[in-house]
Each structure stands twice: as structure tokens, then as C-alpha cells.
Amino acid sequence: MKHLVRSSGPRRRRTLAILPLLAAALAAAGTALVVTGTANAGTTLGASAAEKSRYFGAAVGTYKFNDNTYMTVLNREFNSLVAENEMKWDATEPQRGVFNYGAGDRIVSHARSRGMSVRGHALLWHAQQPGWAQGLSGGDLRNAAINHVTQVATHFRGQIHSWDVVNEAFADGGSGGRRDSNLQRTGNDWIEAAFRAARAADPNAKLCYNDYNTDGINAKSTGIYNMVRDFKARGVPIDCVGFQSHLGTSISGDYQANLQRFADLGVDVQITELDVMQGGNQANVYATVTRACLAVSRCTGITVWGVRDCDSWRGSDNALLFDCAGNKKPAYDAVLRELNAGTNPTPTAS
Ligand code: 9MR
């Protein structure tokens with residue numbers, strides 16, 4: 001991206017200043033101008049990402065929805081939400097054939113009321129399965145799993161921007177192969193069966209495969225890459241790959257190149273669960289991820305895995321963009337600066 005000329009501050013301010021005039025002129029002419037987040041363009045994560053035709057989201061938990069500090073930051077900064085736990089199998093189908101969508105619906109309805117999009121997470125995963133599913137195997141488990149995909153994707157049809165259809169199905173380490181699990185033991189084709197069922201249930205949702213430790217070109221990301229290439233060749237419906245990006249104090253030099261090689265297969269890529277250990281280079285790592293997404297035209301959005309440090313599953317890592325009091329951290333400033341910088345390719349899909 002070195003050849004791109006970054007737009008200067010004054011020029012950017014002029015551009016923003018004429019937007020209200022432009023809107024007024026178009027309104028007078030009877031034309032609707034819909035620019036998401038224009039009022040706060042350049043000053044919040046969501047508005048700045050929207051200016052680059054991308055979303056900036058956060059994982060949320062409904063048990064925090066009565067926390068004013070939390071809701072203030074959430075509603076101000078983000079234009080996409082994902083349920084941290086509320087749409088997982090154990091939450092949505094606690095007994096076989098008995099579905100509970102209350103908490104998931106609450107997240108969707110909050111998002112819709114604020115004009116935010118929703119990522120769905122996750123239809124099938126080896127973890128957070130209800131007890132009854134953990135006890136199944138073979139054809140019985142396969143049927144239950146596919147029915148789960150069909151029921152949940154049907155319930156939320158039309159309301160989900162992207163579904164993590166399958167989460168974390170590949171093994172860590174150097175094998176590049178699948179992780180052993182009860183689902184994997186039903187047959188290697190369980191992933192494509194899930195994607196086909198999800199497509200049938202919600203034809204307009206982007207269908208994603210989502211995983212971690214895929215933050216560069218390595219054996220695990222290459223295993224996933226080969227699966228996606230095979231799916232595209234055989235017409236299995238897959239639209240995107242999620243890179244969780246639970247990161248430590250540094251980031252692999254080929255992070256962006258890895259996103260790009262997936263995009264080159266003809267799928268969107270999304271940063272789906274970003275958090276970064278504090279200490280050392282937290283702001284730089286966040287900035288690098290943001291820059292990488294903006295530099296890849298098919299990288300359609302970034303989601304951080306929580307709002308404030310104290311909301312995070314990573315406890316004392318202080319891995320998020322806001323401190324426990326809801327104050328912006330240096331990492332926040334770095335992300336916003338990158339979102340507002342330069343000229344970046346518009347997503348070609350989504
Ligand atoms: O953040 C989630 C935490 O509240 C749950 O206890 C945990 C259960 O496994 O799942 C966490 O979210 C995970 C996500 O669903 C998939 N990728 C890894 C995330 C962090 O563990």
C-alpha cells in the first residue's frame with residue numbers, strides 16, 4: 001500500500017464539512033442520502049469504519065445491558081454486535097428440540113434499534129455443546145447438529161449479517177488437519193453439511209468458517225485455506241473466513257498476506273474476536289490489525305471480543321480498547337487513527 005497517498009488532515013476536515021450541505025441539497029431535491037454514522041464520522045470506531053465501508057463491532061453479553069457505562073460506550077462506538085455466548089448451542093437448544101432464543105433476540109433487537117448489524121456466533125462448535133448433544137454420536141449426532149443449524153438459522157433469518165457456521169474445527173500444532181471432536185467423528189463432511197443447511201435456512205447471510213491461531217501463514221491457517229479452496233471448487237456455499245485474532249504482545253509479519261491469500265480464493269475475510277495482551281505494543285498490534293483489514297479489499301469488518309478490559313474473558317490481560325471505567329485507551333486512539341487514515345480499497349463484497 002506504499003504507493004497510496006494519505007489524505008491530509010485539512011483536506012479531510014473540508015470533506016466532512018461539506019457533508020451536511022450535500023445532504024441538505026439532496027434532501028431538497030427529494031433524494032435520500034444514507035451515510036451510516038455521518039454525524040460522528042471520524043470520531044467513533046463505527047462511524048470511521050463505515051466511512052471505509054466496513055463495520056466495527058463488539059462481542060456483548062446481555063447480563064451487562066443494565067450497566068450504564070457499558071451501554072454508553074457500546075452505543076456510541078460500535079455499529080455491529082455479536083453475542084459472546086447467547087447464540088451458542090448450549091444457550092439456544094438446552095434440551096433436544098427445545099429452543100431458547102430470548103437472550104439472542106434481545107441482542108438482535110438492541111442492534112436493530114440502533115442501526116447496528118449482527119454477527120451470528122456460532123452454529124456448530126466442539127465446545128459449549130449442551131449436555132444432551134455431548135452424549136450423542138454418529139448419525140444421531142449428525143442429525144441433531146444439522147437440525148440445530150436449520151432451526152437456529154431459520155429463527156434468525158434475515159437478521160444476521162454473517163454467521164459463524166462452524167467454529168474452531170481445525171487442530172493446533174503442525175498437522176494442518178481437523179481437530180478431533182464428536183462432530184468430526186460423524187464424518188469429515190460435517191462442515192460442508194452444516195454450510196449447506198445454513199444456506200438453505202438463511203440464503204442472505206454470509207456464511208463463515210471461524211478459527212484462532214490463524215494470524216499468519218502457518219500449518220493451521222493453511223489447512224483451513226485448503227478446505228476453503230476445496231469448498232469453492234466444489235460449490236459448497238462458503239462466503240467468508242473469520243480470523244479470531246486473540247493476540248499476544250506481537251503480531252506475525254504476514255498477518256495481512258494471510259488475509260489476502262484467503263480473499264484471493266473469492267471469500268470475504270473478517271477479524272472476528274480481536275483482543276490483544278496489554279504491555280509492550282498493544283496499540284501497535286491493534287493498529288497493525290486495523291491497517292491490514294483496511295488494506296485488503298475483501299476484509300469487511302473488525303469485531304473486538306468485548307467492550308472494556310473488565311468485560312473480557314482474558315481477565316488481567318487488559319486486552320480491549322476501553323479501561324474498566326469506560327475510558328479510551330491508547331490502543332483505541334491507534335485504531336481510530338488507522339481507520340481515519342489514508343485511502344483504502346472499498347470492500348468488493350458484502
Ligand atoms: O468469551 C467467551 C466466554 O465468555 C466463554 O466462557 C467461553 C466458553 O468457551 O467462550 C468465550 O468465547 C470464545 C468464542 O466463543 C470462540 N473463540 C474463543 C473465545 C474465547 O474463549
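For ligands, and for the atoms within them, numbers begin at 1 and follow the listed sequence. Owing to the predicted nature of the structure, the values given are computational and were not obtained by experimental measurement.
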Geometric N/O contact W125 with ligand 1, under 3.5 angstrom: no
Sub-3.5 Å N/O-N/O distance, Q244 and ligand 1: yes
Among all protein non-hydrogen atoms, which one is nearest to [atom], and what is the separation to 0.1 Å?
atom: atom 14 (C) of ligand 1; answer: H121 NE2, 3.4 Å
atom: atom 9 (O) of ligand 1; answer: Q128 OE1, 3.2 Å
atom: atom 12 (O) of ligand 1; answer: W305 NE1, 3.3 Å
atom: atom 10 (O) of ligand 1; answer: K88 NZ, 3.1 Å

Between [X] and [Y], is any side-chain donor less than 3.5 angstrom from a side-chain acceptor?
X: N327; Y: Y332; result: no
X: Q270; Y: K206; result: no
X: R308; Y: T69; result: no

Atom CZ of R112: over 12 foreign heavy atoms under 6.0 Å: no
Numbered atoms and elements of ligand 1 in range of [X], under 4.0 angstrom, heavy atoms:
X: E84; result: 1 (O), 2 (C), 3 (C), 4 (O)
X: H246; result: 18 (C), 19 (C)
X: N167; result: 16 (C)
X: E168; result: 16 (C), 17 (N), 18 (C)
X: E273; result: 14 (C), 16 (C), 17 (N), 18 (C), 19 (C)

D254 bridged to R261 by N-O distance under 4.0 Å: no
Under-4.0 Å salt bridge between R119 and D164: yes
N85 contact mode with ligand 1 (heavy-atom cut-off under 4.0 Å): side chain
pair V267-R298: side-chain heavy atoms closer than 4.5 Å: no
ILVMFWY network linking L274 to V82, side-chain heavy atoms under 4.5 angstrom: no
